[in-house]
Amino acid sequence: MTPITTQTLENALTAKLMVSFGKTAAEATDGEMMRASALVLRDMMALREVETRQKARQQHARQVHYLSLEFLMGRSLMKNAYNLGLLPQLREALEHLGFKAADIFEIEPDAALGNGGLGRLAACYLDSMTTLEIPATGYSICYELGIFKQKIVEGQQVELPDNWKDLGAAWLMPKPAETQEVRFGGTVREFWDNGHLHIVNEDATVVQAVPCDMEIAGYGTEHVNVLRLWDARSTQPVDMSLFSRGEYLKAAEDEAMAETIAKVLYPEDNHLEGKSLRLKQQYFFVSATLQSIAAKHTELYGTMKNFHEKNVIQINDTHPALVIPELMRILIDDAGMDWDEAWDITTRSVAYTNHTVLSEALERWPQSLVEFLLPRVWQIILEISRRWQKKVEDFYHDPKKTEKMAIVWGGQVRMANLCIAGGMAVNGVSGLHSEILKKDVFRDAYGMEPWKFRNVTNGIDHRRWLSEINPGLDGLIRDLTGGDDYLLHPQALKKLDDYADDASVLERLGAIKRANKAAFAAHAKKTRGVELNPDAIFDVQVKRLHEYKRQLLNVLHIIALYQKLQDDPNAITQPHTFLFGAKAAPGYAVAKRIIRLINSLADQIDHDPICRDKLQVVFLENYRVSLAEQLMPASEVSQQISTAGKEASGTGNMKFMMNGALTVGTLDGANVEMHDLLGDENMFLFGLRADEVEQLKREGYVPQRLYNRDPVLHRCLDALRTGFRDGVRYDDLYQRLLFGAGGSPADEYFLLADFQAYCQAEKRMAETYRDQTAWNRMSLHNIARSGVFAADRAVAEYADNIWHVPHK
Ligand SMILES: *Cc1c(COP(=O)(O)O)cnc(C)c1O
C-alpha cells in the first residue's frame with residue numbers, strides 16, 4: 001500500500017464534496033465537510049472489507065457473530081482516521097481546505113444506539129475483534145432514534161429525540177439486495193409431503209429487514225469488519241389486494257408495525273421492559289441476523305450440517321436469546337433436520353454473556369405474548385422447555401430445583417434459563433460476578449453443567465479511551481516505554497511502574513492532568529457556561545442513574561461536607577469540585593428525583609458564599625460517549641461506589657484508571673480485580689463486601705438505628721426533608737432510606753450502612769491529594785496496571801476459551 005498523503009486526502013475530500021453535495025470546499029458547511037470526510041474514509045474501508053471477507057471465505061474461517069440490541073458507538077470520524085493511521089493527514093487536509101479540524105470532529109453526532117456499559121462494551125469489542133483480525137460481524141437494529149438527549153430544565157431531566165442519522169448516516173452502507181423477511185403472528189400449519197413433515201407459518205405479517213452496514217477499521221491492520229444494523233420496512237409494495245378488499249386499515253396497520261420496529265431504542269438500562277414492541281424488536285433482529293448468516297453459510301458450504309464448525313454466535317445478555325429457538329426453526333423447518341441433530345448444532349453454536357444479577361433486569365416474557373407474536377418459535381420453546389425440565393428432574397429429583405431452572409413456568413418464558421439450556425458457554429463479566437452466578441443466581445444450573453460456566457472480565461478499547469482522547473498522556477507513555485508498542489500490547493504500560501520514584505516523570509504526569517483539567521474547564525465554559533476551577537479536585541461520578549450505583553450516597557456525603565463548612569468556614573482548605581453525569585430511564589421516577597436533588601444541591605452550594613473556591617457541584621447534562629471522552633483525561637477521582645454484589649463489572653472504572661484517576665470504591669465488579677493489582681495503597685476502598693451485604697440482609701437491616709446513632713448522618717438526612725433554596729424538598733427520598741416505599745425495603749442499597757466508611761474514604765483521598773508527589777505516584781501505578789483492562793485481552797479470552805478462533 002502506498003501511504004496516503006495529506007494531498008491525496010485533500011483531493012478526495014474536494015471531489016467528494018463536489019459529487020455528493022455539489023459544493024466546493026469554500027461553499028461547504030461543517031456538517032457537509034464532516035459527511036464528506038466520513039464518505040472518504042468509508043470508501044477506503046469498503047475496499048478493505050471486501051478483501052477481508054474474500055480472505056475469510058477462501059480460508060473457510062470460523063466466523064464470529066456478535067449479537068447485541070445495543071452498540072454505543074459514539075463518534076467515528078476521529079476513531080476511524082486514527083485506526084487507519086490517517087489522523088494527522090486528515091487534520092491537515094481539513095485545515096488546508098479552510099476548516100477547523102476540531103469543529104469537524106465536534107459536529108459529528110454520537111451514534112448512541114445503546115444505554116450505557118453493555119452497549120459501549122459491544123462497541124469496544126468490535127474494535128478489538130477487528131484489530132485482532134478475527135472474522136467477526138456485529139448485529140443490531142438501525143434505530144432511527146438513539147438514546148434520548150437529556151436536557152436539564154429547572155433542575156429536572158427532560159428527554160429530547162436523538163435524530164442521529166441526519167449526519168450519522170454517512171457511515172451507513174445500505175445493502176437492500178440482502179434484505180430478509182421476518183414473520184410475525186399468523187398460524188402454524190403442518191402437512192405431509194413425500195414422507196416429509198412440512199411446517200409453515202401462514203397469514204403472518206411480514207416485515208422486511210434491510211441491512212445497513214457500518215464498517216469497522218482495526219488498528220495496525222488492513223482487516224475491516226462490519227456492524228450490520230437492520231432497518232425495518234413494510235413489505236412493499238403496499239398490499240393492494242387488501243386495499244381493494246376494503247381492508248385498508250389492515251394494510252395500514254402492517255405498514256405501521258414495520259415502521260415502529262426500528263423507530264426507537266428502549267431507554268431502560270438494567271431493567272426489563274415487558275412491552276410487545278420490545279419483543280418484536282428482539283425477534284426482528286434475531287431472525288434477520290440468523291437468516292442472513294444461514295444464507296451465507298449455505299451458499300458457501302451447501303449444507304447446514306457443519307454450521308457450528310464455521311460459526312459462533314455470542315449473545316450480549318439475554319436480549320437476543322431468541323436465537324436459540326430461531327436457529328432450531330431454521331435447522332428443522334428450512335434445512336429439514338430432526339430435533340436431536342438441530343439441538344446438537346445449536347448447543348455448539350451459541351454462547352451467552354450474563355450482565356446483571358438484578359432481578360428486575362432478568363428477562364421474562366408472558367407466554368401468551370410469545371405464542372401470539374411468534375407461534376412457531378413458541379412451539380419450539382415449549383419443546384426445549386419440556387426436554388430441559390426432564391433433564392433437570394432426572395438429575396436432581398427436586399421439584400424446587402425444577403421450578404427454579406424451568407424455561408416456561410407460571411405463564412412466563414424465562415430467557416436466562418433458555419440461554420443456559422441452549423448455550424455452550426455462559427460467562428459473567430468480572431471475577432466476582434462470575435462467582436455470584438455460580439454460587440447464587442445460576443447455582444443449580446452450575447451444579448448440573450459446571451463446564452458451561454466461565455468468566456471473562458470486561459475490557460475497554462484503550463486506543464480510544466487513552467491514546468486517542470489523551471494525547472498528553474499518550475506522549476508520556478511513548479517516551480517512557482520507548483514507542484507505541486502499548487497500542488497493540490497494552491501490558492507494555494507496566495513499564496511505567498519503573499518511574500515511580502522519578503520526580504520529573506511524576507511532575508510531568510501532574511502537569512498533563514492539570515492541562516487536561518484546564519482544557520475541560522475551557523470546554524465546559526464555552527459549551528455549557530459553567531465555571532470550573534482547575535485547581536479544585538475533579539471528583540467524578542458519571543454513569544447511568546440507578547439506585548444500586550448509589551449516586552445518592554455521593555450526594556449525602558456532599559451534604560455532610562457542606563454542613564461542616566457551615567459550622568466552620570475553614571473546614572475545607574483544598575477546593576473540591578464534584579461532577580455528575582447521568583441519564584435516568586424516563587419511567588424511573590426515583591432516579592429522576594435524584595437528578596433533581598443533585599441540581600438542587602448544586603444550586604444551593606453555588607449561591608452560598610461560604611462555598612466559594614471550596615466546594616462546587618456540577619451536573620453535566622447529556623452524559624454520552626463524546627462527553628466521557630472529554631472528561632476522562634481531566635478526572636482525578638473516580639467514584640465507583642455501587643452496593644457490593646450489584647455491579648456486574650463496570651467499564652467506566654477502567655476508563656478512569658487508564659487516564660490516571662484514583663478510585664474511591666467498593667469491592668464490587670471489576671473494582672475487585674483493580675484492587676488485586678493496586679493494593680490498598682493505590683486506591684481508596686471502603687464499605688461492606690458482597691458477602692457482608694448478604695449477611696446483613698439475612699440478619700435484618702434496620703437503617704433507622706444508624707440514623708439515630710450517627711449525628712452527622714442524622715443531620716444530612718434531615719436536610720433532604722427541609723429541602724433547598726429552590727424550595728424543593730426531598731421527603732420522598734428520606735422516607736425511602738428510612739422506611740422503604742412502594743414495596744422496596746428501607747435503604748434497599750445499604751447507603752446508610754456504608755455512609756461513615758465512605759466519608760472516611762473521601763477524607764483519606766482529600767488528605768492524600770495534598771501531597772501531589774504521592775498522588776501522582778499512585779496515578780502512575782494506576783495507569784501502569786490498567787493494561788489488563790484492555791478489550792484486546794478480553795476479546796482474546798473469548799477467542800481462545802469460548803469461540804475457538806485464531807487471532808493476532
Ligand atoms: C463507559 C460508559 C458507561 C459505563 O459506565 P459504568 O460506570 O461502567 O456504568 C456508560 N455510559 C457511557 C456513555 C460510557 O462511555
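As the structure lists them, so they are numbered: ligands from 1, and atoms in each ligand from 1.
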Problem - Note: E547-R736 ion pair, threshold 4.0 Å (strictly below) - result: yes

Fill in the blank from the handout: Under 4.0 Å from one or more heavy atoms of R624, ligand 1 contributes atoms 13 (C)

Completion exercise
Min over S642, G581, G117, C124 of heavy-atom distance to atom 4 (C) of ligand 1 lands on G117

Problem - T651: numbered ligand 1 atoms lying under 4.0 Å from its heavy atoms - result: 1 (C), 4 (C), 8 (O)

Problem - Polar side chain donor-acceptor pair, N671 to Q640, under 3.5 angstrom - result: no

Practice task
Give me the ring orientation class for Y758 and F686: parallel if the planes are under 30° apart, tilted from 30 to 60°, perpendicular past 60°.
Solution key: tilted

Fill in the blank from the handout: Closest heavy-atom pair, D668 versus G645, reported as atoms and distance to 0.1 Å, is OD1-N, 2.7 Å

Practice task
Would you confirm whether the ring centroid of W230 sits within less than 6.0 angstrom of the ring centroid of F285?
Solution key: no

Problem - Numbered atoms and elements of ligand 1 in range of G116, under 4.0 angstrom, heavy atoms - result: 10 (C), 11 (N)

Exercise for the section: Verify whether one side chain among S626 and D110 offers a donor that lies under 3.5 Å from an acceptor in the other. Expected result: yes

Handout entry: Nitrogen or oxygen atoms of R120 and ligand 1 under 3.5 Å apart
Key = no

Exercise for the section: Just need the protein heavy atom nearest to atom 7 (O) of ligand 1, so name the residue and atom and give the distance. Expected result: K543 NZ, 2.7 Å

Exercise for the section: Could you label the plane-to-plane angle of the Y548 and H546 rings as parallel, tilted or perpendicular, counting under 30° as parallel and over 60° as perpendicular? Expected result: tilted

Exercise for the section: May I ask you to identify the nearest protein heavy atom to atom 11 (N) of ligand 1, giving residue, atom name and distance to one decimal place in Å? Expected result: Y623 CE2, 3.6 Å

Handout entry: Check: K583 and R544 side chains under 4.5 Å, non-hydrogen atoms
Key = yes

Problem - Heavy atom of K549, distance to ligand 1 below 4.0 Å - result: yes

Completion exercise
So the atoms of ligand 1 within less than 4.0 Å of a heavy atom of G650 turn out to be 8 (O)

Exercise for the section: Report yes if K655 has an N/O atom closer than 3.5 Å to an N/O atom of ligand 1; otherwise report no. Expected result: yes

Handout entry: Within-cut-off N or O pair, G652 and ligand 1, under 3.5 Å
Key = yes

Practice task
Give a yes/no on ligand 1: does R544 have at least one heavy atom closer than 4.0 angstrom to it?
Solution key: no

